[in-house]
Student: 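Below: one structure in structure tokens.
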2 protein chains.
Amino acid sequence: MELAEAKQKFIEAWGKLGSEWGINRTMAQVHALLLISPEALTTEEIMEALSISRGNANMTLRDLIGWGLVEKQHKAGERKEYFYADKDTWNIARQVAKERRKRELDPVLKVLDELSKVDGDVNDPEYKTFNKSVTDINMLAKNVDKTLDTMLKAEENWFWGSLFKIFK
Amino acid sequence: MELAEAKQKFIEAWGKLGSEWGINRTMAQVHALLLISPEALTTEEIMEALSISRGNANMTLRDLIGWGLVEKQHKAGERKEYFYADKDTWNIARQVAKERRKRELDPVLKVLDELSKVDGDVNDPEYKTFNKSVTDINMLAKNVDKTLDTMLKAEENWFWGSLFKIFK
DNA sequence: TTAAACTTTCAAAATATATTGAAAGTTTAA
DNA sequence: TTAAACTTTCAATATATTTTGAAAGTTTAA
């Protein structure tokens with residue numbers, strides 16, 4: 001396979017994976033493009049490479065910066081802004097985990113905590129089932145939360161090393 | 001908070017979480033409804049409770065069955081089909097992990113394996129960057145895959161217990 | 001200042017996804 | 001058989017999300 005073709009495939013695959021996991025396809029593609037670019041790229045270059053509009057490129061880049069996955073670079077003597085992606089996979093994974101936890105897991109945990117406090121008639125099957133499900137899910141979510149917390153603080157080697165010590 | 005209100009909130013929260021993670025909102029809501037129902041429900045009851053059409057209810061239920069989260073029940077002397085959700089949170093988590101791995105992670109792993117075999121000029125920065133990113137992501141994805149595999153085979157207590165032994 | 005170079009915004013358009021509901025299909029009991 | 005009870009299908013519709021592109025905004029150099 002040619003490098004050019006391989007690059008396309010990578011961008012496509014990353015875009016598809018992103019969209020299946022609730023991340024805008026274009027955002028994932030721009031990220032993929034930057035991941036395989038040795039040098040920082042301009043908005044123009046990104047528009048060109050992915051055939052997207054200026055507005056789309058601009059918004060997507062701002063989002064990626066908001067997710068902590070991409071940063072702006074300035075080159076001496078140039079007006080243009082350049083964009084560069086952190087290439088460290090472990091940082092990427094942590095960054096994504098961190099953002100999604102903040103945006104999605106935390107709010108749900110808050111609701112679950114509230115809901116598990118609701119009380120009612122212990123002899124009412126409706127109440128009993130509701131309460132059990134909510135409580136169980138709350139516990140699971142808290143475990144996930146705790147694990148993410150550890151992962152966010154951890155070094156890559158330590159993290160996977162520890163996992164494999166048990167899971168091997 | 002009243003039980004009725006709490007139920008609504010739970011269904012909403014579950015639906016929102018689902019849609020943020022690439023799962024159809026209605027599917028997540030139907031699942032939530034069944035999770036807090038002590039008894040199996042009919043299509044009619046689900047349509048009524050969530051104000052959705054028959055077609056939608058039917059398709060959604062079929063999807064949930066396909067995900068292994070819901071099963072049909074038959075009651076003696078009745079024509080109607082009843083639907084019941086497994087209430088074991090750990091089973092739910094495993095089931096979802098299993099399906100998403102099969103549907104989404106596995107195909108990406110296949111592509112990444114291919115792409116990491118592409119070769120090129122080691123002095124070409126374009127190639128070097130491409131290759132490094134693809135290889136790194138491939139390794140990460142394989143680690144995730146391995147961990148999921150362990151999780152799928154594991155008992156809940158063993159799994160979290162082992163995690164906490166390290167992560168505490 | 002000014003104007004060229006560049007970035008951002010956002011209403012409108014395009015696209016993708018989800019939902020409806022009526023018709024077609026299936027099963028069962030008599 | 002038949003017809004009532006129930007389930008499934010799918011084209012049309014509705015909704016939600018993404019993208020465009022031109023106009024407005026900003027920055028910089030001269």
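Every chain is numbered from 1, with letters handed out A, B, ... down the list of sequences.
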Student: Quick one: do A:E2 and A:K7 make a salt bridge, cutoff under 4.0 Å?
Tutor: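 No, no charged N to carboxylate O under 4.0 Å.
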Student: If you compare every side-chain N and O of B:N24 against the phosphate oxygens of C:dT19 (OP1, OP2), does one of them come in below 4.0 Å?
Tutor: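 It does, given that an N or O in the side chain of B:N24 lies less than 4.0 Å from OP1 or OP2 of C:dT19.
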Student: Would you kindly give the CG-to-P distance between A:N56 and C:dA13, to the nearest whole Å?
Tutor: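 Those two atoms, CG and P, are 18 Å apart.
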Student: For B:T42, which contact category applies under a 4.0 Å heavy-atom criterion: base, sugar-phosphate, or nothing?
Tutor: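 No contact.
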Student: Once you apply a heavy-atom cut-off of 4.0 Å, does A:S19 come out as touching a base, just sugar-phosphate, or nothing?
Tutor: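 If one applies the 4.0 Å heavy-atom cut-off, A:S19 turns out to touch nothing in the nucleic acid.
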Student: Using a 4.0 Å cut-off to any heavy atom of chain A, which nucleotides of DNA chain D are the first and last in contact, reading 5' to 3'?
Tutor: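 Span of nucleotides near chain A: D:dT18 to D:dT28.
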Student: Only Watson-Crick and G-U wobble pairs with both distances less than 3.5 Å should count. Give DNA chain C in dot-bracket notation, marking inter-strand partners with |.
Tutor: ||||||||||||||||||||||||||||||
Student: Checking side-chain hydrogen bond (donor to acceptor under 3.5 Å, both in side chains) between A:N91 and each of A:K87, A:R94, A:Q95, which is the one that passes?
Tutor: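 The passing option is A:R94.
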Student: Give me the ring orientation class for A:W21 and B:W21: parallel if the planes are under 30° apart, tilted from 30 to 60°, perpendicular past 60°.
Tutor: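 Rings of A:W21 and B:W21: perpendicular, as their planes differ by over 60°.
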Student: Contact class for A:R62 vs. all strands (heavy atom < 4.0 Å): base, sugar-phosphate, or nothing?
Tutor: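 Sugar-phosphate: the residue A:R62, judged by heavy atoms under 4.0 Å, touches backbone atoms but no base.
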Student: Over all heavy atoms of both residues, which pair between B:E12 and B:Q29 is shortest? Give the atoms and the distance, please.
Tutor: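 Nearest pair, atom of B:E12 first, then B:Q29: CA-NE2, 4.5 Å.
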Student: So which of A:L34, A:V96, A:D86 actually passes side chain to side chain contact (heavy atoms under 4.5 Å, CB included) with A:L69?
Tutor: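 Only one of A:L34, A:V96, A:D86 forms a side chain to side chain contact (heavy atoms under 4.5 Å, CB included) with A:L69, namely A:V96.
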Student: Just one of B:I46, B:T26, B:L61 clears the side chain to side chain contact (heavy atoms under 4.5 Å, CB included) bar with B:N56, so which one?
Tutor: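 Of the listed residues B:I46, B:T26, B:L61, the side chain to side chain contact (heavy atoms under 4.5 Å, CB included) partner of B:N56 is B:T26.
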Student: Is the ring pair A:W90/A:W160 parallel, tilted or perpendicular, if the boundaries are 30 and 60 degrees?
Tutor: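 Answer is perpendicular, since the angle exceeds 60°.
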Student: In plain terms, say whether A:K102 and A:E99 are close enough for a salt bridge, that is, a side-chain N and a carboxylate O under 4.0 Å apart.
Tutor: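 Salt bridge between A:K102 and A:E99, a charged N being under 4.0 Å from a carboxylate O: yes.
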Student: I want to confirm an ordering. Mapping B:I23 and B:R54 to their closest nucleotides on DNA chain C, which one lands closer to the 5' end?
Tutor: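 Nearest-nucleotide comparison on DNA chain C picks B:I23.
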Student: If you assign A:G55 and A:R79 each to the DNA chain D nucleotide with the nearest heavy atom, which residue ends up on the more 5' nucleotide?
Tutor: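 Between the two, 5'-proximity favours A:G55.
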